[in-house]
There are 2 protein chains.
Amino acid sequence: MVQKSKKASPPPRIDSPVEPKRRGRPRAYQPDIALGKALDLFRKDGFAATSLDDLSAATGMNRPSLYGAFGDKRELYIKSYQRYRDDARAAMVDIFRNELPIKKRLECIYAVALDIYLSGDSGPRGCFTVMTAASEAVFDSEIRAMVLEGFSELDKAFAACFRHAREKGELPESADPTMLAQLASATIHTIAIRARARVPRKELEAIVKGAIDVMCR
Amino acid sequence: MVQKSKKASPPPRIDSPVEPKRRGRPRAYQPDIALGKALDLFRKDGFAATSLDDLSAATGMNRPSLYGAFGDKRELYIKSYQRYRDDARAAMVDIFRNELPIKKRLECIYAVALDIYLSGDSGPRGCFTVMTAASEAVFDSEIRAMVLEGFSELDKAFAACFRHAREKGELPESADPTMLAQLASATIHTIAIRARARVPRKELEAIVKGAIDVMCR
DNA sequence: GGAATTATTTGCGGAATGGTACAAAAAAGT
DNA sequence: ACTTTTTTGTACCATTCCGCAAATAATTCC
């Protein structure tokens, strides 16, 4: 230890990657993976059918720890949803940004979406937004705001794709990026719903293919 | 009264509109309207968040009567869903069958759909299939079968519309009715979801209009 | 080593849950 | 009038639910 402890002590940055020597008893869980487990449960069963006991068992945290870490059930649900959206965005953003021809790009996007919707050990979990968040959105303004923002974000991302494709001459000048984007979102929604009802991937891919053909005609 | 009461006494048909003098204490409720109330609740809150107490209060039947009339909670849910589908089908079938030009027909269909999705005293209730039944469908094969049948029915009805329109020359020969139908269903799904998140009717109508333009181009 | 801090563990408590048992009530059959 | 049949109303049961209080444990700071 060369460093003198006086004056020159580096101000420990907030949220530094190196844990800043927390003060009390160390946590017995990793918040990130615990939140992931909670997300899995909420995706599987929705808000009401997921009990704190279930969450406790899945995360390995007992209820008071859960409560201390994430707040009450609703807060945990919201944090799970935020996590879901962050993950989904992370999985999509590169594809939305890349330079493939429009059809290929759409294919990639839908393939990633299907991966998300069809994943799950005990059956396809569908899309968090479509399956549970939208339902809660009617009576919970905070969730509603997230859901609406999600719709808007997806619509805008698709619209940017179509606009870009039109500028590159891949689409006719008459194509309306906004309208096409809403159809592209609608296709996302329909495969999310159908996936949850165990429609096989092949059929979902056929729907995607048909939709792309119509949109990029 | 000309008719003689002997020999010609009409065999009281099962389920005849005239109640065939039931044997015991008469029911204090009307099964049809009770089921309607139950449906309202399930649409609003989903399966898990709707308690038997809620259902009992809404229908005016106490729990044992509910149980006797409709079975347990799951059976009541399924019967409510059947009722929902019957109602929705009844509201749609004429429009699917009529002879308006394709665009007008689609407009009518979506207008009726929006009426259904946006109705509700305490906020838009969305579509039963999309909001709750699809979620339950993963782990309940009976519900799943109903949901899948619903998808199929809607797809087929739309496909028939498009096929008919193509034969009448309203659509180009190259149009693929099946694919267009899936897009039309996707549009139904996207407005159902967005309606539940309180997206205003105007915006939903704009989505519908854009979708119709693309599909009937 | 002791104080302070933070998490964990255990377990409680009141409410709500789905479902049912049982007696009273209201009708028809005899 | 009396029995039979069906539904209603009340009450109850065992379980699960969410949230919290209090005691214990593990770590850092001084």
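The figures here come from the full heavy-atom set of this structure, side chains too, leaving out hydrogens, waters and symmetry mates. All of these numbers come straight from a predicted model, not from anything done at the bench. Proteins come first, then strands; the chains are lettered A, B, ... in the order of their sequence lines, and each starts at number 1.
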What nucleic acid atoms does B/Ser56 come within less than 4.0 Å of, heavy atoms only: base, sugar-phosphate, or nothing?
nothing
B/Met61 atom CE is separated from C/dG18 atom C1', nearest whole Å, by 16 Å
Decide, yes or no, whether a salt bridge links B/Lys79 with B/Asp86 under the criterion of side-chain N to carboxylate O below 4.0 Å.
no
Hey, what's the ring geometry for A/Tyr81 with A/Tyr84, parallel, tilted or perpendicular (30° and 60° as the breaks)?
parallel
I need the CG-C1' distance between A/Leu76 and D/dC18, as an integer number of Å.
13 Å
For B/Ser185 and B/Asp155, test the side chains for any donor-to-acceptor distance below 3.5 angstrom and give the result as yes or no.
yes
Rounded to whole Å, please give me the gap between CZ in B/Phe70 and P in C/dG19.
15 Å
Between A/Ser65 and C/dT8, is there a side-chain N or O to OP1/OP2 distance below 4.0 Å?
yes
Between atom CG in B/Asp53 and atom P in C/dA16, what is the gap in whole Å?
9 Å
Sorted by position of nearest nucleotide on DNA chain D, 5' first, the leading residue of B/Gly24 and B/Tyr29 is B/Gly24
Could you pick out which residue, B/Pro26 or B/Arg63, lies toward the 5' side of DNA chain C when each is mapped onto its nearest nucleotide?
B/Arg63
Taking A/Glu153 first and then A/Arg89, would you say they form a salt bridge - that is, a charged N and a carboxylate O separated by under 4.0 Å?
yes
Separation of D/dT15 P from B/Leu52 CG (nearest whole Å)
18 Å
Report yes if at least one side-chain N or O of B/Tyr67 is closer than 4.0 Å to OP1 or OP2 of C/dG18; otherwise report no.
no
Just call it for A/Arg27: base, sugar-phosphate, or nothing, with non-hydrogen atoms closer than 4.0 Å on any strand.
sugar-phosphate
How many Å lie between CG on A/Leu66 and C1' on D/dC17, as a whole number?
14 Å
Would you say a side-chain N or O of A/Ser51 is under 4.0 Å from OP1 or OP2 of D/dT16?
no
Minimum side-chain heavy-atom gap A/Phe128-A/Arg43 below 4.5 Å:
yes
Using only heavy-atom distances, decide whether a donor-acceptor pair under 3.5 angstrom links the side-chain of A/Arg25 to the base of D/dA25.
yes
Atom-to-atom span, CG of A/Asp54 to P of D/dG19 - whole angstrom:
14 Å
Side-chain N or O of B/Asn62 less than 4.0 angstrom from OP1 or OP2 on D/dT8?
no
Looking at the side chain of A/Pro64, which of D/dT7, D/dC20, D/dC29 is the nearest nucleotide?
D/dC20
